K.L.:
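My structure is below; once you've seen it, I'll send some questions.
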Amino acid sequence: AEEAHKRVLEPHRLDRDAIILLTGLGIGPGTTHKIIDKYGSVGAMDIVKTRPYQLVRDIDGIGFLKADDIALSAGFARDGEPRIHAAVLHVLENSADTEGHCCLPEKMLLAAAAKLLGLAAQLIQNQLPSMREAGDLISECGNDGDDWFLPSIHRKERLLAGGLLRLAGNAPMIPVSDREITLVEALSGIRLDQTQRDAVRLAFCGGVSVISGGPGTGKTTIAKTILLLASRHGFEKQDITLCAPTGKAAKRLSEATGHDASTIHRMLGVRIGEDAEYGPHNRHGSKLCIVDESSMLDLRLAAQFIDALK
């Protein structure tokens, strides 16, 4: 009976011990329960003592600064390897999330991490080779020393670059003459300047083109002309796809061109909890795809989108 009583009470004792330990490290009640729910009482006590920076990956609401407070309270060294490694990863992740950087030059990475940690940049630099060897970082030779990437972002950037090269090399060249553009202008009432004419011709000369410019510079007029010329060159409605990152942008594109447009997610057939309908093993059948507001795309969606096109 006494042994049975101990077995009943033991989980409650462990929960109490875990709560005392975690709250003693400055962790609030809500986050304490999240940690215990994730790891169990024994696991929660173990992770804050041995791998507190793992909390950043596993527990919503714990960022680097909070995990760092926990680690230092648990006795981790200010200049220790776990702290420096976690800070370097945090700097790269934060620069990607808040500023859109795929990588950072070594000088920038060291300066940001040194400021965050309050340590000399040399201490951080000494750790970069071991992080690369462990697969936590990837480096490439940049304009001023090495550029440092998170592996996940490096993979997506290479996927996007490879997809753009594939599209640029595979598409047939369709010659468009000045006379043909002038005829489309006469039939549609559109008027193009020379730079717009050049942009239209370039769009038919390769697999990928980028049309950039501020509001009112004629990007939509170029898109309309491309669509009219595509129709003259035998493109059917089902051959053409217009899309944009957001529903609002897609609606504007449709209204401006008179063609149906959708979000990129809808074009890819993305559904919650399922793989996208279109991807590298089932590429979309569009012969012409116009994407509006493409600068709004993040790297993940851009890579997924390009990889889904023939």
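These figures come from a predicted structure and were not determined experimentally.
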K.L.:
For the residue pair F149 and C102, what are the closest heavy atoms and their distance?
P.N.:
CD2-O, 3.4 Å
K.L.:
Any salt bridge between E180 and R201, counting N to O under 4.0 Å?
P.N.:
no
K.L.:
Between the side chain of R283 and the main-chain N/O of L309, is any donor-acceptor distance below 3.5 Å?
P.N.:
yes
K.L.:
Classify the ring geometry of F64 against H90: parallel below 30°, tilted from 30° to 60°, perpendicular beyond 60°.
P.N.:
parallel
K.L.:
State, to 0.1 Å, how close P215 and K219 come at their nearest heavy-atom pair, and which atoms those are.
P.N.:
N-NZ, 4.2 Å
K.L.:
How far apart are the closest heavy atoms of T220 and A256, and which atoms are they?
P.N.:
CG2-CB, 3.4 Å
K.L.:
Check residues 67-75 and write down every donor-acceptor pair under 3.5 Å in which the side-chain atom is one partner and the other belongs to a residue at least two apart or another chain.
P.N.:
{"from": "D68", "atom 1": "OD1", "to": "Y53", "atom 2": "OH", "distance (Å)": "2.6"}
{"from": "D68", "atom 1": "OD1", "to": "R83", "atom 2": "NE", "distance (Å)": "2.8"}
{"from": "D68", "atom 1": "OD2", "to": "R83", "atom 2": "NE", "distance (Å)": "3.3"}
{"from": "D68", "atom 1": "OD2", "to": "R83", "atom 2": "NH2", "distance (Å)": "3.0"}
{"from": "S73", "atom 1": "OG", "to": "D69", "atom 2": "O", "distance (Å)": "2.9"}

K.L.:
Would L242 and L227 count as a side-chain contact (heavy atoms from CB on, under 4.5 Å) here? Give the steps.
P.N.:
CA-CA 10 Å; L242 274 62; L227 290 168; 3.9 Å; yes
K.L.:
Which residue is it: R197, R179, R191? I am looking for the one with a salt bridge (Lys or Arg N to Asp or Glu O under 4.0 Å) to E185.
P.N.:
R197
K.L.:
Is a side-chain donor-acceptor pair under 3.5 Å present for H284 with S286?
P.N.:
yes
K.L.:
Taking S231 for the side chain and L228 for the main chain, is one N or O donor matched with an acceptor at less than 3.5 Å?
P.N.:
no
K.L.:
Would you indicate whether the side-chain heavy atoms of V200 and V184 approach each other to under 4.5 Å?
P.N.:
no
K.L.:
Salt-bridge test for E236 and K287: reply yes if a basic N is under 4.0 Å from a carboxylate O, no otherwise.
P.N.:
no
K.L.:
Does D260 have any salt bridge (Lys or Arg N to Asp or Glu O under 4.0 Å) partners at least two apart in sequence or in another chain, and if so, which?
P.N.:
K237
